[in-house]
Amino acid sequence: MGLLTESAANNNHGLLDSYTTWLEEHPSALDSFEDMIDVAESKKLVLFLDYDGTLSPIVNDPDKAFMSDAMRAAVREVAYLFPTAIVSGRCIDKLNGFVKLDNVVYAGSHGMDIWTPSGSLKYADEGQQTKSIDEQGNKVVKFQPAQEFLPIVNEIIQVMEQKIKTFEGAMVEDNRFCVSVHYRNVNEKEVDTLKEMVHSTMKAYPNFRINGGKMVMEIKPSINWNKGRALEYLLDTFGFTSSSDFLPLYIGDDTTDEDAFEVIRGLRQGFPIIVSSVPRDTKASYSLRDPDEVMDFMVRLAKWKKAKSTT
Ligand SMILES: O=P(O)(O)OC[C@H]1O[C@H](O[C@H]2O[C@H](CO)[C@@H](O)[C@H](O)[C@H]2O)[C@H](O)[C@@H](O)[C@@H]1O
């Protein structure tokens, strides 16, 4: 074996070793399936699924992050069996366009845009819920805690679109209540300059914060709301907060999903599952390697629930 090849092999072994060690602390949800369903046997599972990197693979073009038909069928199936929400950084319209299912609830813009059939009594007085009718004629209650920031978000989009023009491959994505500045396709040498530009531009908008994601800078209003609070809101709309017999199961791959993992840990009931094939610092208790494993897990979950209902 040549010197370079040998060192690459050592690196690979090093990575494998650290992943194996990490798996001991964040066991595979597939390998732990039997233990998990033992806990879930007498409880009501409620599913929360992130979109990018969880239901669809990460791809270079954010507009082409399609979900496979098999994945859609798996989500449709679990959503018939358990209350299910898709919680994403994407805006609801895009999310709907990708997922195309009407038996799930959608929470877009990192939980800052939640559409449910009945809303939540707990949050009814805060003036953030509005009743309307969707395109199919169904009643929908929209919870939008960042409504007042919309004009500024739109201004930021325009400013960023101008400023990224000098960075080939950069892209600004309008996620309605937040903005993504993508740099996956930007020359590596230009990335730091792009990041500096975004940070210095955002100094003019002190009521906004920037979070890092997967080759993306996510700009959001600085309100006390995130995917974790969205999970609490959704549990309430599903009617679970006053009982203790529910188990939230959240699957996500990104840093923004950590807020939801933390809430589940705080509840001391439920399954926070991270999607990762490399060791990551996380508050999740379980792991799945990639969207294919997420699909296998959901298929197994549906089989278990159906078998349980017929016995
Ligand atoms: O909360 P999520 O559903 O995970 O959304 C987070 C961001 O996901 C998308 O960006 C990521 O996926 C793209 C498609 O695979 C990829 O090109 C990009 O590099 C990733 O960061 C989405 O485009 C963002 O707006 C979301 O905030």
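One-based numbering, in listed order, for ligands and for the atoms of each. Keep in mind that what you see is a predicted model, and the values were worked out from it rather than measured.
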Nearest neighbour in protein (non-hydrogen) for atom 20 (C) of ligand 1: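 Protein heavy atom at minimum distance: K214 O, 3.3 Å.
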Derivation and outcome, side chain to side chain donor-acceptor pair (under 3.5 Å), residues S109 and D113: CA-CA 6 Å; S109 309; D113 195 7; 4.7 Å; no
N60: numbered ligand 1 atoms lying under 4.0 Å from its heavy atoms: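 Within the 4.0 Å cut-off of N60, ligand 1 contributes 17 (O).
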Nearest-0.5 Å distance, CG of residue D290 to CE of residue M295: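 If we round to the nearest 0.5 Å, D290:CG and M295:CE are 10.0 Å apart.
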Shortest protein contact, atom 11 (C) of ligand 1 (heavy atom only):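 So the nearest neighbour among protein heavy atoms is I58 CD1, 4.0 Å.
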Atoms of ligand 1, numbered as shown, that sit under 4.0 Å from any heavy atom of R90: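 So the atoms of ligand 1 that pass are 9 (C), 14 (C), 22 (C), 23 (O).
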Contact check, P57 vs ligand 1, heavy-atom distance below 4.0 Å: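 So P57 counts as touching ligand 1.
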Proximity flag K64 to ligand 1, non-hydrogen atoms under 4.0 Å: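 Judged by the 4.0 Å heavy-atom criterion, K64 does not count as contacting ligand 1.
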Worked check of side chain to side chain contact (heavy atoms under 4.5 Å, CB included) between M71 and S56: CA-CA 8 Å; M71 181 66 95; S56 69; over 6 Å; no
For atom 2 (P) of ligand 1, the protein heavy atom that lies nearest, with its residue and separation: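 Going atom by atom, the protein heavy atom closest to atom 2 (P) of ligand 1 ends up being D50 OD1, 2.9 Å.
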Nearest-neighbour protein heavy atom for atom 5 (O) of ligand 1, which is reported as residue plus atom name and distance: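 That would be D52 OD2, 3.5 Å.
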Aromatic plane relationship, H26 with W22 - under 30° parallel, 30 to 60° tilted, over 60° perpendicular: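 The rings of W22 and H26 sit tilted, inter-plane angle from 30° to 60°.
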Closest to atom 1 (O) of ligand 1 (judged by heavy-atom distance), picking from K227, H110, R184, M171: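 Nearest heavy atom to atom 1 (O) of ligand 1 lies in K227.
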Ligand 1 atoms in contact with V216 (distance to a heavy atom under 4.0 Å):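 Those qualifying, in numeric order: 21 (O).
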Top protein contact for atom 23 (O) of ligand 1, by heavy-atom distance: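 Result: E173 OE1, 2.6 Å.
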A65 N/O under 3.5 Å from ligand 1 N/O: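 No; every N/O pair is 3.5 Å or more apart.
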Pair Q129-Y233, side-chain donor/acceptor within less than 3.5 Å: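 Side-chain D/A pair, Q129 to Y233: present.
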Atom indices of ligand 1, in the order listed, that fall short of 4.0 Å to a heavy atom of Y51: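 Near Y51, meaning under 4.0 Å from one of its heavy atoms, ligand 1 has 3 (O).
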Closest protein heavy atom to atom 3 (O) of ligand 1, given as residue, atom name and distance to 0.1 Å: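 Checked against all protein heavy atoms, atom 3 (O) of ligand 1 sits closest to S88 OG, 2.7 Å.
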Y286 side chain reached by F297 side chain, heavy atoms, under 4.5 Å: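 SC-SC contact between F297 and Y286 ruled out.
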Best match, D63, D253, V59: closest heavy atom to atom 13 (C) of ligand 1: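 Going through D63, D253, V59 one by one, V59 has the nearest heavy atom to atom 13 (C) of ligand 1.
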Numbered atoms of ligand 1 (with element) below 4.0 Å of P62, judged on heavy atoms: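 So the answer, numbered in order with elements, is 14 (C), 17 (O), 23 (O).
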F177 side, atom CZ; I92 side, atom CD1 - distance, nearest 0.5 Å: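 Result: 9.0 Å between the selected atoms.
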M67 vs Y51, side chain to side chain contact (heavy atoms under 4.5 Å, CB included): CA-CA, chis, key distance, verdict: CA-CA 9 Å; M67 187 176 166; Y51 184 73; 3.5 Å; yes
Derivation of the salt bridge (charged side-chain N to carboxylate O under 4.0 Å, His left out) call for E258 and R265: CA-CA 10 Å; E258 292 292 331; R265 278 198 175 246; over 6 Å; no
Heavy atom of the protein closest to atom 10 (O) of ligand 1 (residue, atom name, distance):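 For this ligand atom, the closest protein heavy atom is H182 CE1, 3.5 Å.
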Residues D254 and K214 bridged, charged N to O under 4.0 Å: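 Salt bridge: no.
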From F149 atom CZ to I223 atom CD1, the distance as rounded to the nearest 0.5 Å: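 Here the interatomic distance stands at 6.0 Å.
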Protein contact of atom 27 (O) of ligand 1 - nearest heavy atom, named by residue and atom, plus distance: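 Looking at atom 27 (O) of ligand 1, the protein heavy atom closest to it is E218 OE2, 2.3 Å.
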